[in-house]
K.L.:
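Here you go, one structure.
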There are 2 protein chains.
Amino acid sequence: MALRHAVLAALLDEELSGYQLTKAFDMGVANFWHALPQQLYAELAKLEQDGLIAGREVVQEARPNKRLFQVTAAGLAELERFAATATKPSFIRDDLLVKVQSADHVDTGALIAQLTERAAFAEAKIGLFDELLRKMRGDRSEQEYLRHGERIGPYLTCLRGLAFEQGNRDWCERAVTVLRERRSGSRPAVRTTVATQQPDGPE
Amino acid sequence: MALRHAVLAALLDEELSGYQLTKAFDMGVANFWHALPQQLYAELAKLEQDGLIAGREVVQEARPNKRLFQVTAAGLAELERFAATATKPSFIRDDLLVKVQSADHVDTGALIAQLTERAAFAEAKIGLFDELLRKMRGDRSEQEYLRHGERIGPYLTCLRGLAFEQGNRDWCERAVTVLRERRSGSRPAVRTTVATQQPDGPE
DNA sequence: CAGGAATAGTCATATCCATGAGTATCTAGG
DNA sequence: CCTAGATACTCATGGATATGACTATTCCTG
């Protein structure tokens with residue numbers, strides 16, 4: 001029941017259509033959650049059934065009609081309840097880290113390529129976040145906005161997203177440097193592994 | 001097929017039992033992945049069936065017998081193949097961020113409590129990671145280890161985990177400061193929401 | 001005027017992941 | 001002696017997530 005609340009939180013600041021939501025939850029600005037269109041449409045349907053959001057049809061001539069969704073009082077209460085429950089710690093879960101973990105046993109050339117790609121991706125998101133933050137601040141300073149700006153929630157999550165991607169970029173660049181240095185220097189140590197069970201005494 | 005490779009990567013450096021794996025993959029040192037015992041035992045069984053790991057029974061007298069698993073040549077080849085495939089970008093997915101996103105509309109007292117708790121948790125993991133890195137380095141300097149140390153993979157993922165938790169801690173502390181300042185200062189702006197559908201003209 | 005991107009949304013399926021409970025043995029503490 | 005905790009592992013179930021394919025209309029470009 002996590003996507004549920006992410007959708008509610010996303011609809012707090014503005015009325016959105018399912019399609020607009022999918023844009024917000026995909027690579028674009030998923031600063032606090034990520035989901036695919038199918039999940040979002042399904043979740044919107046459930047949320048509406050449960051009365052936590054209210055949809056209204058908007059007839060359009062230039063393009064297909066759409067339904068805009070707004071959080072109801074019940075939805076806000078549900079979010080309030082959710083915000084008060086204990087939060088489980090969150091963990092990194094990233095294929096790239098799995099690959100780097102095995103750096104001593106696999107080809108580092110491929111790793112370097114992917115770390116470079118990831119660094120570029122992070123850089124792009126950093127740009128997006130920077131721009132987003134500037135837009136929210138307007139002409140105010142960051143300190144000023146943090147104290148008195150409206151919509152502090154989105155601003156804070158955006159700051160986290162920014163820091164996360166900066167961490168990503170810095171780490172990727174460092175890892176690339178390290179792996180390159182090692183390639184040019186000493187040969188990587190490869191441990192051999194067995195192919196079949198070999199019964200053995202206790203350790 | 002992600003846990004699969006995470007398990008393989010974890011078994012590269014040392015032969016482990018299922019139980020030891022669960023310890024490594026739970027809060028302790030899940031620097032690159034996280035999983036529950038049930039998933040791990042199931043995955044180990046599948047990996048063994050597929051010949052990617054080999055288990056050997058270790059008879060113990062003081063405690064229940066166990067099975068230690070080792071990566072086979074086929075397993076290493078599978079990891080190699082995996083490491084060469086393109087990596088999807090990874091996204092933050094964190095309940096706490098969802099809650100902070102709705103900070104303008106819910107009680108900030110509860111949020112502050114949870115941010116504080118998360119900061120403490122992050123601090124604890126930072127301590128763990130620091131210790132782990134020191135252990136891996138031994139008496140060498142970090143630069144020295146990065147250049148010539150064995151097991152650079154685990155060291156690099158540990159560095160990422162450390163940076164991630166530092167980012168977590170810093171952000172949580174900052175968010176707490178901001179939310180506290182705002183509480184003592186101005187009253188939070190609460191937007192009202194509707195409870196029923198209200199058909200309306202197009203935007 | 002043909003083709004592709006963008007808008008707007010849906011269906012089906014398979015795998016992943018989390019939750020909760022349960023088994024059995026041994027050790028250490030009160 | 002009794003209980004809690006560590007070791008070592010298993011089963012069942014349901015909800016969350018990812019993948020791939022599909023419908024339909026309109027706008028823009030070549």
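Chain naming here is simple, since letters A, B, ... match the order of the sequence lines and numbering starts at 1 in each.
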K.L.:
Expressed as a whole number of angstroms, how long is the span from A:L40:CG to D:dT17:P?
P.N.:
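A:L40 atom CG is separated from D:dT17 atom P by 10 Å.
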K.L.:
Would you call B:R137-B:E144 a salt bridge at under 4.0 Å N-O?
P.N.:
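Result for this pair is no, no salt bridge flagged.
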K.L.:
Rounded off to whole Å, could you give me the CD-to-P distance for the A:E48 and C:dG9 pair?
P.N.:
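Those two atoms, CD and P, are 11 Å apart.
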K.L.:
Any heavy-atom pair between the side chains of A:R160 and B:V100 that's under 4.5 Å?
P.N.:
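No, every pair of side-chain atoms sits at 4.5 Å or beyond.
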K.L.:
Expressed in angstrom and rounded to an integer, what is the separation of B:R4 atom CZ from C:dC17 atom C1'?
P.N.:
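It works out to 16 Å between those atoms.
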K.L.:
Mind calculating the distance between CG (A:L44) and P (C:dC11) to the nearest angstrom?
P.N.:
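About 14 Å, once rounded to whole Å.
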K.L.:
Considering heavy-atom distances to DNA chain D, does B:K88 or A:E43 have its closest nucleotide positioned more toward the 5' end?
P.N.:
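Nearer the 5' end of the strand: A:E43.
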K.L.:
Taking only the side-chain nitrogens and oxygens of A:R93, find out if one of them lies under 4.0 Å from OP1 or OP2 of C:dA18.
P.N.:
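A:R93 to C:dA18 OP1/OP2: side-chain N or O found under 4.0 Å.
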K.L.:
What integer distance in Å separates A:K46:NZ from C:dT10:C1'?
P.N.:
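Between C1' of C:dT10 and NZ of A:K46: 15 Å.
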K.L.:
Can you pull out every salt bridge (Lys or Arg N to Asp or Glu O under 4.0 Å) where at least one residue sits in residues 91-103 of chain B? Sequence neighbours excluded, please.
P.N.:
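Counting only pairs at least two positions apart or across chains, the salt bridge (Lys or Arg N to Asp or Glu O under 4.0 Å) contacts touching residues 91-103 of chain B are B:D94-B:R118.
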K.L.:
I would like to know whether B:E57 and B:K66 meet salt bridge (charged side-chain N to carboxylate O under 4.0 Å, His left out); could you show each step before the answer?
P.N.:
CA-CA 6 Å; B:E57 185 88 18; B:K66 62 180 175 183; over 6 Å; no
K.L.:
Is it the case that more than 12 heavy atoms not belonging to A:E123 sit under 6.0 Å from its CD atom?
P.N.:
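Check passes, neighbour count above 12.
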K.L.:
Under the salt bridge (charged side-chain N to carboxylate O under 4.0 Å, His left out) rule, collect the residues that match up with A:D50, sequence neighbours excluded.
P.N.:
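For A:D50 the salt bridge (charged side-chain N to carboxylate O under 4.0 Å, His left out) partners, ignoring immediate neighbours, are A:R4.
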K.L.:
For B:F91 and D:dA16, what is the distance between atoms CZ and P respectively, to the nearest whole Å?
P.N.:
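After rounding, the reported distance stands at 20 Å.
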K.L.:
Roughly, in whole Å, what's the span from CD in B:Q39 to C1' in D:dT17?
P.N.:
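The answer, rounded to whole Å, is 13 Å.
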K.L.:
To the nearest angstrom, how far is B:L3 atom CG from D:dA16 atom P?
P.N.:
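The answer, rounded to whole Å, is 20 Å.
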K.L.:
How would you summarise protein contacts on nucleotides 5-10 of chain D per nucleotide, using B for base, S for sugar-phosphate only and - for none, with heavy-atom distances below 4.0 Å?
P.N.:
-SBBBB
